[in-house]
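Before any comments, here is the structure.
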Amino acid sequence: EVQLVESGGGLVPAGGSLRLSCAASGFNFDDHVIAWFRQAPGKEREGIACITSSDGKTYYAEDVKGRFTMSADNAKNSIYLQMNSLNPEDTAVYYCAAVLDLGYVGTFNLAEELYEDWGQGTQVTVSS
């Protein structure tokens, strides 16, 4: 059974940083795509970063590129999202998700409909 548990959310002032963690179990990092999504109040959930097993690369949505860094530690079965230069528009519930790598390229892997397994989410609030 796939399990994903996020942690590290909280309240941070604009310009600050947070590091989210996702503890993963029940699947092999080597053949899955792992992603971070977020859902702001009143908005749809959007994919913001993913790591693909097929090429080992990380892909980002445009509005977080250069500010957020996703990484994975296979030995610890953990995924991380380092978020810098946060602004109030980054306020959202952040989720990690995983799906078997089907060979899709790049940011196509940020499509929500691809993912079957989700964590419960962690709230990030950025004050102005």
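Heavy atoms only: backbone and side chains are in, while hydrogens, waters and symmetry mates are out.
Between atom SG of residue C50 and atom NZ of residue K57 there is a gap of 12.0 Å, rounded to the nearest 0.5 Å. To the nearest 0.5 Å, the span separating CE on M70 from CD1 on I79 amounts to 6.0 Å. With rounding to the nearest 0.5 angstrom, the CG atom of N87 is 10.5 Å from the OG atom of S128. In this structure, the separation between OG1 on T125 and CG on L86 is 11.0 Å, given to the nearest 0.5 Å. Atom-to-atom distance recorded for N109:CG and L102:CG is 8.5 Å, nearest 0.5 angstrom. Of the inter-residue distances, the one linking I34 atom CD1 with N74 atom CG reads 7.0 Å to the nearest 0.5 angstrom.
Contact detail for A49 and Y60: the closest heavy-atom pair is CB-CD2, 3.7 Å. The two atoms that bring L4 and A24 nearest to each other are CD2-CB, 3.7 Å, heavy atoms only. Among all heavy-atom pairs drawn from L20 and Y94, the shortest one is CD1-CB, 3.5 Å. Heavy atoms only, all atoms of each residue included: W118 and A97 are closest at CE3-CB, 3.6 Å. Here the closest non-hydrogen pair linking S127 and L11 is CB-CD1, 4.3 Å. Across D30 and S53, no two heavy atoms sit closer than the pair O-CB, 3.1 Å.
Every residue two or more places apart in sequence or in another chain was checked for a side-chain hydrogen bond (donor to acceptor under 3.5 Å, both in side chains) with T107, and none qualifies.
T58 places none of its side-chain heavy atoms less than 4.5 Å from the side chain of T52. Between F108 and L114 there is a side-chain heavy-atom pair separated by less than 4.5 Å. Between M83 and V124 the shortest side-chain heavy-atom distance falls below 4.5 Å.
Y80 is not connected to F29 by any chain of hydrophobic side-chain contacts under 4.5 Å among Ile, Leu, Val, Met, Phe, Trp and Tyr, and they are in different clusters. Hydrophobic clustering (side-chain heavy atoms under 4.5 Å, transitive across Ile, Leu, Val, Met, Phe, Trp, Tyr) groups L18 together with V126.
Remark: side-chain polar atoms of S85 are not paired, donor with acceptor, to backbone N or O of R67 under 3.5 angstrom. Side-chain N or O atoms of E46 include none that pairs as donor or acceptor with a backbone N or O of Q39 at under 3.5 Å. Without hydrogens or angle criteria, S78 side chain to K76 main chain gives a donor-acceptor distance under 3.5 Å. With Q82 contributing its side chain and T69 its backbone, the two residues share no donor-acceptor pair below 3.5 Å. Proximity of a side-chain donor or acceptor of E6 to a complementary backbone N or O of S21 within less than 3.5 Å is not detected.
Applying the 6.0 Å contact sphere to OH of Y104 captures no more than 12 heavy atoms from other residues, nucleotides or ligands. Within a 6.0 Å radius of CD in E44, no more than 12 heavy atoms belonging to other residues, nucleotides or ligands are found.
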Report task. Start with the C-alpha gap between D101 and D31, add the side-chain angles, then the distance that decides, and say whether side-chain contact (heavy atoms from CB on, under 4.5 Å) holds. Result -> CA-CA 6 Å; D101 194 336; D31 59 11; 5.6 Å; no
Query raised in the report: Can you check side-chain contact (heavy atoms from CB on, under 4.5 Å) on T91 and Q123, steps first, answer last?
Result: CA-CA 8 Å; T91 294; Q123 176 71 47; 4.0 Å; yes
Report task. Give the C-alpha distance, both sets of side-chain angles, the deciding distance and a yes or no for side-chain contact (heavy atoms from CB on, under 4.5 Å) between S25 and N77. Result -> CA-CA 7 Å; S25 62; N77 290 333; 5.7 Å; no
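A distance of 6.0 Å or more separates the ring centres of W36 and F68.
The one candidate from Q3, E1, H32 that meets the side-chain contact (heavy atoms from CB on, under 4.5 Å) condition with F27 is H32.
Seen from the ring of Y95, R38 does not count as a face-on cation partner, given the 6.0 Å and 45° thresholds.
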